[in-house]
Amino acid sequence: MLSWLPIAVLLFCDVALASLPLVDFDRMGKVGLAGAFAGLDLFNDSSSSVSFDPTTATLMSRSPEGALTRLGATNAGGRILAGCALGDTFYFAGSFSSIEGSSASNVASYQSGSFSSLGSNGPNGAVNALYCDSKNNKVWAGGHFTSPGPSVAVWDTKASSWSAAPFDGLAGAGAEVLSITTNSSQSSLFFAGSFITSFQGNGSALNTTNNPNVPFSQGATPFSSSLVPIPLGKAEIEGAPSSSDSSFSNIENILCPSGADGPGNTWLASDGSSAQITVRTFQSISASGIRLGNTFLNGRGTTAFTVTSIPDNTVQQLHYVDPSTGQNQTCTSNCPLSTNSGIPYQDFTFDNARSLTGVQVTLASWQGAGPGLHLLQLLSSGAFASAVDSQNGQSCFAPAASNTSRTGTWTELDANTNIAATQQSVLVSTVAVGTSPAQGPSFTWMPYVSASGIYTINLLVPGCTDFQDCALRTSVKVTVFPGGGQPPTVTTVSQQNQNDAAQQIYSGPVIPSSPDFVTTITMTLADSPAGNGQNGNYRLVADRVQLILDSANTTGSTNGGGASGSGAGRNGFGFFEWPLSSSSNVNATGTLANSSETALDAIASNLLSGMGGSSALTSSSSSAVAAVAHHPSGAIFLGGTFGLSSPKASNIVMYKNGALAALSNGGLNGPVTSLVLDGDKLFVGGSFSDTLAGSNSGSLRSIAMYDVSQDKWSPLLAGVNGAVTSLSFDNNQVQVVGNFTTLLNSAGSTAGLESSGMAVWDAGNGTWVNSGGFLVGSMTFVGNGTAPSKGQQQMQFVAGSVSSVLQFGASGFVMLQNAKNGGLPEVTPLGVKLDDVDVAAAPTKRRRATHTRRGPSAWVSHIRMPKIFSRQSTSTLVPLPPAPPAPAPAVLAGAFWTNSSSSHEVAIIGGNFSFNSGSTIAESLAFYDSASGTLTPIQGSQINGTVRTLLVDGDLLFVGGEFTLPGTNVNGLAVYDLTQQAWTVDGLQPLQPASGASVVVRSLTVSQAKSKVVIVAGSFAQAGSLPCRAICTYDATSKQWNALGSGIQGDVASVAYAGNDQDLLIAAGSISLSGNGANNVVQFSFSNSSWNALGDGSQLAGPVTAVEVNNGNASSVFAAGRSSDSASSFLAFWNGAAWASLGSTLQGATNVSQLTMVPLQDTHSANGVIEQDRMLLVSGHLSDSSFGNASSALFDGQNFIPYFISASSAGSPGTVSSLFHSLSSFSFSQRHLLATGIVILISIAISAGVVFLLVLIGILWTLFSRRDDALNNKFDPAEVDDDDSSAHQRPSSLLAHINAATRTTILGSQSPFNQFNAEKEEAAGAGGGASSVGHGDPFSGPDASNYLRAETPSDAIVGMGMEDDQGRPARARYSFDGSGEGEMPLAVGQEVEVLDDRDHSWWYARDARTGQEGVVPSAYLY
């Protein structure tokens, strides 16, 4: 891979540029820049004067738009592996000794443009992970070091000092921490890596943490989250009044919502009304409280509620934790429900567990449109199990329901209870008196227990009175196995009670349910049964067992594969949780007391057990946990390098409901390095290709997405072709970095989108998108950075081994516009990534060829060389130099089109590229909507080849290049109807090549002097049957070809226009008129249909590849090309008399694709070549002894100023092919206008002067007429009284003259004096030569720039403080020829902007497409 930027930059120091010239892109309308590049940058000191050493690690900032800016680099061999932000300071770490030349050992900070080291006693080894604790202003570092603590160290930002962790550190195994993350509530830190943890397992109390099986909420306590919710699937639930929206009217959706707050998962009451939710179970239940989750949709939600128990109709006193303060609170009526969306639910407990048959919840007050809930659950007293299986429904957040087993025969009986309208179902079994317990029936309850704790277990025994079986009753033996290595307890219970009773059978610690263990309560006939029975039989009754949670703290260990009995130590691997609120000082490198253990520390023991125990951790073992992610459901995902036998899982596993669980298809077949969550989407990065079972056909290359809710893996297209080292999530996008170069199209293929070191996946659209910046390197870290300023978005940081960076990443196309602050232009890259054709995906298509220039190598030494032009004297034309290399994907041409029906403007781009559009591959031509950032293919057949030029004429798109169109005889030229969205090539006679050559259309243009035809130019011999070498006209209406005059010989590369109404066509290339010598730049006059050479062809060094006319001036023409021997390049200027050489600093590697004159916002020094208000933009691949490499440079008539630099996806120099714009004509004159007040005063003075002058002329004319009458006529007294009609008409005639003159001044319409003035000007022109500039005009001549004027009414509007584009839109009702001076022609339906409508008859308007301005009849517009 070539790193060309450092070479070029070393030469930039010779270019004295304080700032780039300000090109006025907005004056050209919408502007696009196309070429063969993957990255683009404007040359300036901050972004381009940068060198990159790939042996170092470079830290860069990434803007919200994706632009990359270098910040600094480490010493050679250094690495940056981690980073995090506190306020406006970014901390980063890895393995390095310096950053940007300043000493820093493994950890440093960046703030306000400067780097700082962090003390002198920091980590003495590599740092792999950082976590910034904003609450405590500390930075936690994890890695492979021994000081200031083993593998973990803490930087106190206030004290500016390092210390060991409160738990001293982590050791054993690899003694390395690879990840530090936080739980979903940010209350605990998760440390992951390769290390050993050890706990005593001696019965001491566990640290009180929330139940990991229940989604965390600050509105819950460790106690309340341990209470198993009561299944309400068979209860009667009513909510009224309910919303009329069916998506929010089903109250049952909130019992255990399957998704986030929204349709189908939320219940809303009627707008503006309180509501009641009633739950009736019709059986006795033991409840300890209620769990409520608010809705936050559209700003609505419940703010206060009341709970009334059923059947006693008592308003319950509730106890809860205020989530904002953490304080315990009590309420009765109008209890507050949090409206903070960060609180998913709150738990409210009763004074004591209560026997109920239901509750009524009144939603009394609300915010927004009305109340509603997302979650409602009744909380049990702890846990429960019923003898009747139908009553053991699965609880919300529980992986399984309570269960039972039995021996013998058991029969279901129903009995009324002492609660009205309720029944109780039980199971009974009859056993003969004298039967031994071992031979009699047995019944076992297996309640689901969600969390460890101290429980009281009761056996519920229904009274014999209700069942009328008191004589049959006896006593039973009940055995409880609580788990945790504790011995079983045995209790004898009498069932001869007349009323319902709850008999205590156990009190103590209980271990939660898991796949490996469940608490059991077994009932059999007592060893010495009580009573005599009835008719020789006893009856055993099985009802329910009730577990009442007394304390969320438990003794013994949590259950898991690594658990051992009381008194035994327990080891774990790769995971350790530390509560940030803990004030303990312990030593985690040794054996920890269980008081330091949290419920999640069981993950480590389960991991070690699943790996095969400590014996599996040999010195050669690479096992480690590298990444951890905590899902809101409570599930914890762990990724790394490991294999588990129980459960069967590889490299990634989930911990939920107290146990490890394998992901779909056993996990992944390679190491995992990074995890990032987006809702239920878990993005996984690493070095893998598929699941362990191979279920995705190799499409999970190094990056994959796991759907948590569906337990399903999905590919990101087909992944990337190298390892992924780091992931980040921001703005609904996943940022992916690593050691890769291609985003793969399909499994098993090496083809795809080129993207070196960094890529961005749009999580919403499920596609790869433009990353914003251009990067070539192997990256190691990406993460969110410092907090954004007000009104700004989050900034990110990226680090790794970098070869080259440019600010903007773009697949061959960007949009340009003036900056709002008047600085460098705003660059908007193409929002999607373009690609080459995938042969495997499209076997019928030929693969795009890389167009290789046959000239000298693009790489030559940047040595100042003398410019030697070899003159042409041979009669054989030198072949036209090939275009600069344009390997796919490349955009080579563009045009803009405004849809007349919708007035929506889009860009049309063409070139050598492809892109995926649904199930098809679109090629070479596309519509780009800059407003939505979407790329749309053309309809119908796709072009097979390369597009080199585009022209929009009305609603027709003319496409030129070197291509064919499947199903047609098209060759190099095609026509597309933009309104019908279809090719219109029927009747189009194809172009024919010369012998041994191929057709290439390089230019499509139109001239105002030749309406309704398109000038087609390039390399071809004839059009249809018409001999027409290199340039022809095509009439799209008649579909006829015609030659231009007597024609030319050779090939045309570029066309421009000069003269009034573009009546002179300038063609450039390898051209001869007479056949006796090369002319290379020729001129065609439409007025007399004749060709003439533009100057002496021998004054040009060789064929011309680009030509430009300066604002239509035939005496100011620029031409660029290559010498006849292809050894050098040139830029020449035609001044009307001869060609002169310019740009002597251009080197032989230069290939110019386009010359175009651009207007400036500022000015440059005056010279005799280019006016002060414009510059020549030279584009292609430029190599210059003054600045090195560039893709575009501005030429002011004397010097080249590098403007754009670009690079291919491999980092080699890119090329710019064309700059195109939406306005076909625009003014170069800069509008520096006088103040509004001065303009008004001048206007009044001019108007008064004109009126006075006309009145004076009228008076003089009248006086002279009367004098003539007096001299020529005798006085007749008889005529004194006659009516002199002429005398009466003169005042009216005078008024007509004044009105006409005033109208001419204001509207520019015909004046009665116009003919006289025209004749005077014609006479003056005849006597004064070709110049049309009147020397009496103070706004012309050499001092013109010192005078400022409003040239049009729209200019005058700007002078009055109004913007040019503040006109109102209108359309033409009728057509208008606009042949008069100052008038603008109209076509029916044409869109215009009305700039001045103060006159009732004539309005001043502007053509929105071309920028032409003029007056039009007001009645013709609507």
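In what follows, residues are counted from 1 in the order of the sequence shown.
- Defined by atom type and a distance below 3.5 Å, a donor-acceptor pair is missing between the side-chain atoms of S249 and S246.
- A donor and an acceptor atom, one from each side chain of S187 and N183, are located under 3.5 Å apart.
- Under the 6.0 Å cut-off for aromatic ring centres, F248 and W267 do not qualify, their centroids lying 6.0 Å or more apart.
- With 3.5 Å as the limit, one finds a donor-acceptor pair spanning the side chains of D389 and T404.
- Without hydrogens or angle criteria, N294 side chain to S338 main chain gives a donor-acceptor distance under 3.5 Å.
- In this model, a donor atom of one side chain and an acceptor atom of the other lie less than 3.5 Å apart for D680 and H631.
- At least one donor-acceptor pair closer than 3.5 Å links the side chain of T465 to the backbone N or O of Q498.
- Between the side chains of N392 and S402, no donor N or O sits under 3.5 Å from an acceptor N or O.
- With hydrogens and angles disregarded, a donor-acceptor distance shorter than 3.5 Å links the side chain of D601 to the backbone of E577.
- At distances below 3.5 Å, at least one donor-acceptor pair connects side-chain atoms of K234 with backbone N or O atoms of S390.
- A distance-only check finds a donor-acceptor pair linking the side chain of S380 to the backbone of G382 [under 3.5 Å].
- The structure places CG of L227 at 10.5 Å from CZ of F384, a figure rounded to the nearest 0.5 Å.
- For S475 (side chain) and A530 (main-chain N/O), a donor-acceptor pair under 3.5 Å exists by modelled atom type.
- A donor-acceptor contact shorter than 3.5 Å links the side chain of T303 to the backbone of S365.
- Aromatic rings of Y506 and F481 (six-membered ring for Trp) have centroids beyond the 6.0 Å cut-off, not under it.
- We find the SG-CG distance between C256 and L375 to be 7.5 Å, quoted to the nearest 0.5 Å.
- For the atom pair F296 CZ and T266 OG1, the distance stands at 9.5 Å (nearest 0.5 Å).
- The line from OG of S309 to CZ of F350 is 7.0 Å long, rounded to the nearest 0.5 Å.
- D707 places a side-chain N or O within 3.5 Å of a backbone atom of Q710 that can act as its donor or acceptor partner.
- Rounding to the nearest 0.5 Å places CD of Q360 at 4.0 Å from OG1 of T278.
- Residue N732 qualifies as enclosed at atom CG: its count of foreign heavy atoms under 6.0 Å is above 12.
- A distance of 4.5 Å separates CZ in R539 from CG in D469, rounded to the nearest 0.5 Å.
- Between F443 and W410, the ring-plane angle classifies as perpendicular under the 30° and 60° cut-offs.
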**OP:** Let me see the working for S243 and D245 under side-chain hydrogen bond (donor to acceptor under 3.5 Å, both in side chains), right down to the final yes or no.
**Re:** CA-CA 5 Å; S243 170; D245 187 339; 5.4 Å; no
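- Remark: the backbone N or O of N313 is not paired with any side-chain donor or acceptor of T308 at under 3.5 angstrom.
- For the residue pair S258 / N265, a side-chain donor-acceptor distance below 3.5 Å is found, with atom types taken as modelled.
- The cationic atom of R291 (NZ for Lys, CZ for Arg) lies less than 6.0 Å from the six-membered ring centre of Y345 and within 45° of the ring axis.
- Between the side chain of Q317 and the main chain of D351, no donor-acceptor pair closer than 3.5 Å is present.
- Ring centers of F190 and H630: under 6.0 Å apart, within the cut-off.
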